[in-house]
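Quick notes on the structure that follows.
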Number of protein chains: 2
Amino acid sequence: MKTSGRRTTEGIKGIKQKKEKLKSFLKEKGLKSTRQRDLVVSEFLEMGEHVTAEELYKEISKKYSDIGFTTVYRTLKLLNKSGLAAERVFADNLTRYEPLSAEDHHDHLICMKCGSITEFQDLRIERLQERVADEFGFVAVSHKMELYGYCKKCKDNA
Amino acid sequence: MKTSGRRTTEGIKGIKQKKEKLKSFLKEKGLKSTRQRDLVVSEFLEMGEHVTAEELYKEISKKYSDIGFTTVYRTLKLLNKSGLAAERVFADNLTRYEPLSAEDHHDHLICMKCGSITEFQDLRIERLQERVADEFGFVAVSHKMELYGYCKKCKDNA
DNA sequence: AGGAAATTGAAATTCATTTTCAATTAGACA
DNA sequence: TGTCTAATTGAAAATGAATTTCAATTTCCT
Ligand SMILES: [Mn+2]
Ligand SMILES: [Mn+2]
Ligand SMILES: [Zn+2]
Ligand SMILES: [Zn+2]
């Protein structure tokens, strides 16, 4: 049984590590470290899961009124390009971001009532996907898999 | 090996059958049959695959200059609600429609170079998805699974 | 410190989707 | 077949998230 739940909150260690990675990425690309980027990245890593640029912006605005939405938006794009965040679009068609490391891969269960998102990983499914691709002479480089329905809580107290 | 390709073109039989189903749906809901709806539905069923409202509209415009985009758009929504079409949003974030019947279910392989879309069905994967959901006490009612990569043609002449 | 290049944030733009509204049409019923 | 009401149509406007623009500011290399 390879399926498993994932992640509670980003550990401090992971955060520092990721910030280091970002710094390398910036330097490598001739980009600059700024107070704004730092703040946005910190908040993002602490918040953790599946946030929209708008949500993150609102959260940040509470503490730092001088950081604009555009900067939050651009920083998330940057994190994505540097491989530190994944961009996700679920059924509501909003672009969400989540911290991600290179080795990490997972898919999602999405509750249609409360909106909660559960992550899972299933190697058997992944293998079968590869197999399907092979049958069609298709080379898969990524995939998207989402299950929509009702989470434990929501199906119980219906 | 349960995986398989699908569908060439909608048979005339299937088209007539679907048009009948739509008529029932309309009557049942107190809606009206119109020349426009008829034309849009015919063109849609003949075109077949994964079209956007815009694409279908342009195609229809060639023959019938008096049919507006809005009507095409609304007819596709209607087909969706009546269960005769599926709405799909792939990575390009455009809403596409494809003819679909109740029993039918399939997922997609999408070529990142030429954009071709291949359909597949894999019961083993579907069973495992159900299993994953169960493990989390989640009741899945639908899912989305797309594999992105390079199709046979595109990976060959790279 | 000087200066080129990157960044910022407000505002404007884009673009698919959805809604509005006045004119037209379908179809139920007499 | 004519009447009437509700549904439909299509052009235009509105929406709203995502993206771009641009002038002012900041970073950081020399
Ligand atoms: Mn996730
Ligand atoms: Mn399909
Ligand atoms: Zn729930
Ligand atoms: Zn291809």
Side-chain donor-acceptor pair present, Ser116(A), Lys153(A), cut-off under 3.5 Å: no
Worked verdict on Ser33(A) versus Lys27(A) for side-chain hydrogen bond (donor to acceptor under 3.5 Å, both in side chains): CA-CA 8 Å; Ser33(A) 287; Lys27(A) 201 157 288 176; over 6 Å; no
Carboxylate-amine/guanidinium contact Asp107(A) Lys144(B), below 4.0 Å: no
Phe90(A) ring center within less than 6.0 Å of His108(A) ring center: yes
His50(B) versus Glu55(B), side-chain donor and acceptor atoms under 3.5 Å: no
5' to 3' contact window, DNA chain C with chain A (heavy-atom distance under 4.0 Å): dA5(C) to dA11(C)
Sub-4.5 Å side-chain heavy-atom contact between Glu119(A) and Glu98(A): yes
Plane angle bin for Phe120(B) and Phe136(A) - parallel if under 30°, tilted between 30 and 60°, otherwise perpendicular: tilted
Annotated protein contacts, base or backbone, on nucleotides 13-20 of chain D with a non-hydrogen cut-off under 4.0 Å, one of B, S, - each: ----SSBB
NZ/NE/NH1/NH2 to OD/OE distance under 4.0 Å, Glu87(A) and Arg96(A): no
Donor + acceptor pair across side chains of Gln129(A), His143(A) (<3.5 Å): yes
Nearest atoms (heavy-atom pairs only) where Ala85(B) meets Asn80(B): O-ND2, 3.0 Å
Sugar-phosphate or base contact per nucleotide [nucleotides 24-30 of chain D; S, B, -; heavy atom under 4.0 Å]: ---BS--
